[in-house]
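See structure below.
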2 protein chains.
Amino acid sequence: MDDDKVFKALADPNRRMLLDRLCERNGQTLGQLCDGIDMKRQSVTQHLGLLEQANLISTVRRGREKLHYINPVPLYEVYERWIRKFEESRLSLLHDLKQELEGKER
Amino acid sequence: MDDDKVFKALADPNRRMLLDRLCERNGQTLGQLCDGIDMKRQSVTQHLGLLEQANLISTVRRGREKLHYINPVPLYEVYERWIRKFEESRLSLLHDLKQELEGKER
DNA sequence: CCAATATGCAGGTATCTTACTGCATGTCAA
DNA sequence: TTGACATGCAGTAAGATACCTGCATATTGG
């Protein structure tokens with residue numbers, strides 16, 4: 001997995017919105033994803049392209065349509081690599097901070 | 001929490017590296033964080049500033065030094081809001097995709 | 001106090017990002 | 001086949017980002 005592409009893909013609110021909409025209803029076409037959005041189709045295409053490069057979505061051609069599906073695997077890997085790591089050390093980190101501050105007072 | 005700031009802060013590899021180093025040893029000064037990095041101190045300051053705005057780190061002044069501590073809370077909120085959501089629907093998403101493809105064949 | 005150290009702030013520039021317009025290609029249905 | 005529809009691709013301008021240099025400020029130890 002390319003960490004960087006995943007994080008960069010998630011860094012844009014429009015792209016997160018697209019993921020949200022796909023989570024509501026999976027397998028939407030480009031046209032459907034453009035509905036009710038204040039953005040040109042071509043821009044949406046660009047965003048979807050970045051999401052696909054980050055492997056956050058997969059696409060399937062069906063005739064002249066292109067269906068978009070979420071792929072949650074990279075998100076899980078981000079969780080494993082980043083979130084869980086810091087989560088586990090939460091208590092000890094706060095403990096460090098407390099010690100440091102107390103050390104200063106003495 | 002400001003979703004956007006957190007994601008944007010995590011979108012840069014240098015900032016993720018800084019978080020990593022703080023995870024190794026919490027409470028480092030700016031100078032320590034600059035050690036062994038091919039980047040000017042002022043650039044590191046900028047990155048740390050973004051991380052602090054995203055509430056991913058907290059700082060404490062101690063005399064002329066500034067100590068940096070990780071704050072894992074926003075990461076956990078990102079997990080709650082983003083990762084878990086997609087993780088839960090993983091199986092059903094693949095199921096949708098399968099059905100869609102089968103539907104096409106008929 | 002003074003020199004060394006640690007950090008802050010201003011600004012400049014090259015690059016990346018985002019959204020756009022315009023046109024091209026491919027597919028369906030009558 | 002042809003017109004309508006769905007998407008692809010190229011080029012561009014405005015804005016954001018990342019890194020730098022140069023100088024200013026604040027703290028410590030002797």
Side-chain angles (χ1 to χ4, degrees), chain A residues 2-19 21-22 25-54 56-69 100-101 103-106, chain B residues 2-22 25 27-54 56-69 100-101 103-106:
Chain A
D2 190 335
D3 261 355
D4 203 50
K5 284 188 179 174
V6 176
F7 279 114
K8 287 216 161 77
L10 292 172
D12 184 277
N14 286 316
R15 288 194 285 273
R16 292 198 300 276
M17 177 201 57
L18 287 171
L19 283 182
R21 297 186 72 182
L22 281 180
R25 186 151 68 90
N26 210 19
Q28 294 187 64
T29 68
L30 171 59
Q32 290 173 324
L33 288 171
C34 287
D35 263 8
I37 290 187
D38 187 25
M39 206 189 324
K40 294 296 171 189
R41 173 182 56 81
Q42 291 89 332
S43 303
V44 176
T45 300
Q46 230 171 315
H47 285 302
L48 290 172
L50 289 182
L51 289 172
E52 191 170 6
Q53 282 191 11
L56 282 164
I57 64 175
S58 308
T59 60
V60 180
R61 292 294 308 224
R62 187 177 63 183
R64 60 183 164 180
E65 295 177 326
K66 189 173 184 179
L67 308 178
H68 299 78
Y69 295 89
E100 188 61 51
L101 288 172
K104 189 259 160 63
E105 301 299 328
R106 286 187 200 120
Chain B
D2 190 336
D3 261 357
D4 203 50
K5 285 188 179 174
V6 176
F7 279 114
K8 287 217 161 74
L10 291 173
D12 185 276
N14 286 317
R15 287 194 285 272
R16 293 199 299 277
M17 177 202 57
L18 287 170
L19 283 182
D20 259 342
R21 296 185 73 181
L22 281 180
R25 188 150 67 90
Q28 294 186 64
T29 69
L30 170 59
Q32 290 173 325
L33 287 170
C34 287
D35 263 8
I37 289 187
D38 187 24
M39 208 190 321
K40 294 295 170 191
R41 173 181 56 80
Q42 290 89 334
S43 304
V44 176
T45 300
Q46 227 172 318
H47 285 302
L48 290 172
L50 288 182
L51 289 172
E52 191 169 8
Q53 281 190 13
L56 283 164
I57 64 176
S58 308
T59 60
V60 181
R61 293 293 307 225
R62 187 177 60 184
R64 59 182 164 183
E65 294 177 326
K66 190 172 187 178
L67 308 177
H68 299 78
Y69 295 88
E100 187 62 51
L101 289 172
K104 189 256 161 65
E105 301 299 327
R106 287 187 198 119

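Just so it is clear, the structure is predicted and the values come from calculations on it, not from any experiment. In the text below, chain A, chain B and the rest are named by the order of the sequence lines, each starting its count at 1.
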(request) Verify side-chain contact (heavy atoms from CB on, under 4.5 Å) between A/Leu50 and A/Lys8, making sure each step is shown before the conclusion. (result) CA-CA 9 Å; A/Leu50 289 182; A/Lys8 287 216 161 77; over 6 Å; no

(request) Keeping to residues at least two apart or across chains, list the side chain to side chain donor-acceptor pair (under 3.5 Å) pairs with something in residues 33-45 of chain B. (result) none

Supply the atom-to-atom distance [X] [atom1] to [Y] [atom2], rounded to the nearest 0.5 angstrom.
| X | Y | atom1 | atom2 | answer |
| --- | --- | --- | --- | --- |
| B/Arg25 | B/Asp20 | CZ | CG | 14.5 Å |
| B/Lys66 | B/Leu33 | NZ | CG | 11.5 Å |
| A/Ile37 | A/Met17 | CD1 | CE | 3.5 Å |

(message) Output one letter per nucleotide in nucleotides 18-30 of chain C: B when a protein non-hydrogen atom lies under 4.0 Å from the base, S when only the sugar-phosphate is that close, - when neither is.
(response) BBBBB----BS--

(message) So which atom in B/Asp4 and which in A/Ala11 form the shortest heavy-atom distance, rounded to 0.1 Å?
(response) OD1-O, 3.7 Å

(request) Mind listing the closest non-hydrogen atom pair of B/Leu67 and B/Gly27 along with its distance? (result) CD2-O, 3.6 Å

(request) Would you indicate, yes or no, if C/dT7 has its OP1 or OP2 atom less than 4.0 angstrom from a side-chain nitrogen or oxygen of B/Thr29? (result) yes

(message) Could you tell me how far apart B/Leu67 (CG) and C/dA6 (P) are, to the nearest whole angstrom?
(response) 13 Å

(message) Of all nucleotides in DNA chain D that come within under 4.0 Å of a heavy atom of chain A, which is furthest toward the 5' end and which toward the 3' end?
(response) D/dA4 to D/dC9

(request) Please report the C-alpha distance between B/Ile57 and B/Leu19 in whole Å, then the side-chain angles of each, then the deciding distance to 0.1 Å, and finally whether the side-chain contact (heavy atoms from CB on, under 4.5 Å) criterion is met. (result) CA-CA 8 Å; B/Ile57 64 176; B/Leu19 283 182; 3.8 Å; yes

